[in-house]
Amino acid sequence: RHTRCSRDWSSDVCSSDLLRDARGQLRGVILGFTDVAELRHAEIERARLAAIVMHSEDAIISKTLDGVITSWNPGAERLFGYSAEEAIGLPMLMVFPPELVAEEARLLGCIARGETVQPFDTIRVRKDGVRVPVSVGLSPVRDGSGRVVGVSKIARDITERRLAEQALLADRDSLQTLAQLRGQDLADKEKAELVVLGEYMPAQLSDAEVQAEVAGAVAQAGASGSQDMGKVMAVLKPKLAGRADMTAVSGLVKAALAR
């Protein structure tokens with residue numbers, strides 16, 4: 001007969017056997033105690049990990065080194081659309097797009113050789129045929145001797161992250177386009193202003209042309225001395241304003257009146 005008895009920090013399995021003499025008379029009892037504390041802790045840890053797997057939002061999947069699915073949590077059901085009953089026993093390739101089939105053999109080979117596979121982003125296909133971007137992490141499953149016997153896979157839907165990244169890229173492109181248009185607009189405006197200035201600003205006169213204008217103004221004003229300086233300048237200002245250096249013009253008029 002076996003009994004289970006508990007102590008403060010451990011659990012023991014107690015076994016008992018009757019001790020009889022040669023005539024079959026009962027002489028005593030042999031009791032055996034087996035400490036199963038480590039087993040109990042292992043059971044608790046397994047239960048805790050199972051709860052994490054069951055309630056995780058991510059797809060948590062285990063598969064053999066041949067890629068055959070051996071476990072499929074509710075997160076995997078939501079992500080890929082297959083129930084656990086449908087998925088377990090089938091190859092993981094059922095969620096791979098055709099162009100990425102070779103990826104599975106390469107990754108399984110890395111895990112089997114004990115190599116580390118860094119998390120990566122890729123594409124998988126749901127049961128309904130819709131492609132979904134996912135972030136994937138792989139780790140080896142080992143037996144009691146440390147030998148790699150399978151692969152544990154965690155896949156996370158990154159659709160929202162991809163959409164956010166695309167929105168940021170679109171915003172950046174829009175800003176670059178606006179900046180280019182603004183720069184072009186400013187350049188066009190500057191060119192237009194230069195054209196307007198060219199149209200409305202009179203051309204500068206050469207020295208010979210200025211001297212001719214001064215001689216003509218002196219003659220027109222009938223000037224004969226420095227006292228007629230004002231009359232000559234009154235004739236010249238409307239003609240030469242903006243087209244010649246008026247200080248230099250004044251000097252030319254003084255020289256002409258001094259002759």
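- Remark: Glu160 CD is loosely packed, at most 12 non-hydrogen atoms of other residues, nucleotides or ligands lying under 6.0 Å away.
- Under a 3.5 Å cut-off, the side chain of Asp58 and the backbone N or O of Ala76 do not form any donor-acceptor pair.
- Asp157 places a side-chain N or O within donor-acceptor distance of the main-chain N or O of Thr159, the cut-off being under 3.5 Å.
- Cluster annotation: Ile111 is connected to Val136 through the hydrophobic network of ILVMFWY side chains, with a link wherever side-chain heavy atoms come within less than 4.5 Å.
- Distance CD/Glu57 to CD1/Ile60: 10.5 Å, rounded to 0.5 Å.
- Hydrophobic clustering places Leu108 together with Val148 (ILVMFWY residues linked when any side-chain heavy atoms are closer than 4.5 Å, directly or through intermediates).
- Checked for salt-bridge contact, Glu86 and Lys127 meet the test: a charged N lies under 4.0 Å from a carboxylate O.
- When only modelled atom types and interatomic distance are considered, Thr64 and Asp66 share no side-chain donor-acceptor pair under 3.5 Å.
- Hydrophobic clustering keeps Val134 apart from Ile154 (ILVMFWY residues linked when any side-chain heavy atoms are closer than 4.5 Å, directly or through intermediates).
- No side-chain heavy atom of Arg147 sits less than 4.5 Å from a side-chain heavy atom of Arg142.
- Sorted by first and then second residue, the ring-ring contact (aromatic ring centres under 6.0 Å, His included) pairs with a member in residues 67-89 read Trp72-Phe80; sequence neighbours excluded.
- For the residue pair Ile123 and Pro133, the shortest heavy atom distance occurs at CD1-CA, 3.7 Å.
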Can you give me every donor-acceptor pair (side chain of residues 89-103, partner residue at least two apart or in another chain, under 3.5 Å) with its distance?
| residue | atom | partner | partner atom | Å |
| --- | --- | --- | --- | --- |
| Glu99 | OE1 | Arg131 | NH2 | 3.2 |
| Glu99 | OE2 | Arg131 | NH1 | 2.5 |
| Glu99 | OE2 | Arg131 | NH2 | 3.3 |
| Glu103 | OE2 | Arg124 | NH1 | 3.2 |
| Glu103 | OE2 | Arg124 | NH2 | 2.7 |

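- Using a distance-only test at 3.5 Å, with no hydrogens or angles considered, a donor-acceptor pair links the side chain of Ser62 to the main chain of Ser71.
- Distance check, rounded to the nearest 0.5 Å: CG of Leu163 to CG of Leu168 gives 11.0 Å.
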### Query
Which is it for Val141 and Val151 under the side chain to side chain contact (heavy atoms under 4.5 Å, CB included) test, yes or no, and what are the steps along the way?
CA-CA 5 Å; Val141 175; Val151 179; 5.7 Å; no

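- We find the CD-CD distance between Glu209 and Glu213 to be 8.0 Å, quoted to the nearest 0.5 Å.
- Side chain of Arg126 to main chain of Arg78: a donor-acceptor pair is present (N/O by atom type, distance under 3.5 Å, no hydrogens or angles).
- Rounding to the nearest 0.5 angstrom, the gap separating the CZ atom in Arg161 from the OG atom in Ser135 is 6.0 Å.
- The hydrophobic cluster containing Ile61 also contains Leu138, counting ILVMFWY residues as joined when their side-chain heavy atoms lie under 4.5 angstrom apart, directly or transitively.
- Without hydrogens or angle criteria, Asp245 side chain to Thr247 main chain gives a donor-acceptor distance under 3.5 Å.
- At a threshold of 4.5 Å between side-chain heavy atoms, the hydrophobic network of Ile, Leu, Val, Met, Phe, Trp and Tyr places Leu65 and Val117 in one connected group.
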